[in-house]
Amino acid sequence: MRTYLAQTYAFPEARTITSEPFQQFIHVDGVPLMEELLAIHRTGASPRSARAQQSVVRFMEAANALSGTPLTPEVPDLLHQIAEEEATSGGPTYDEAHGRYIALVGVINTGTAPEAVSDPLPYAWIADAMEARPAR
């Protein structure tokens, strides 16, 4: 776990997501947006559907607003790269390793049982929805 965390948070971008505004978004403010996005994904909706694209763009714009950066064409490429790395890693993925770590820290800090395991993030589906959205 130590090696995983060191590798995961060695990059400046990764350190940014550990900041208070990003953590507030991930665990509080952005939860309804992510739940909506995952619910649409669970229905089997095409990432090209208007509903999927609107949900993904709302989530990504809210997340990017924290850093003051606009959505760029590179974002879907990065998401596809993450999806590919997770599919071929052969080791624990972000959701498996990090999610388990967070659950264990929660038990230690609060003494309560971890929350139910959530769906892994559908990185490729999100990227496909972003790529299919109409140009602005």
Sorted by chain and residue number, the side chain to side chain contact (heavy atoms under 4.5 Å, CB included) partners of Glu35 (sequence neighbours excluded) come out as Val31
Residue list, side chain to side chain contact (heavy atoms under 4.5 Å, CB included) with Ser46, at least two apart or on another chain: Arg48
Hey, what's the ring geometry for Phe59 with Phe25, parallel, tilted or perpendicular (30° and 60° as the breaks)? tilted
Can you tell if the side chain of Asp77 reaches within under 4.5 Å of the side chain of Gln81, non-hydrogen atoms only? no
Tell me the closest heavy-atom pair linking [X] and [Y], and the distance in Å.
| X | Y | result |
| --- | --- | --- |
| Trp125 | Ile40 | CH2-CG2, 3.8 Å |
| Glu131 | Pro76 | CG-CB, 3.5 Å |
| Pro47 | Gln53 | O-CG, 3.3 Å |
| Ala129 | Val56 | CB-CG2, 3.8 Å |

Does Ala52 offer a backbone N or O that forms a donor-acceptor pair with the side chain of Ser55 under 3.5 Å? no
Results of salt bridge (charged side-chain N to carboxylate O under 4.0 Å, His left out) for Arg58 - residues two or more places apart only: Glu36
CZ on Arg51 to CG on Leu37, rounded to 0.5 Å: 10.5 Å
Would Ile26 and Leu66 show up in the same hydrophobic cluster when neighbours are defined by side-chain heavy atoms closer than 4.5 Å? no
Is the CD atom of Glu84 crowded by more than 12 outside heavy atoms at less than 6.0 Å? no
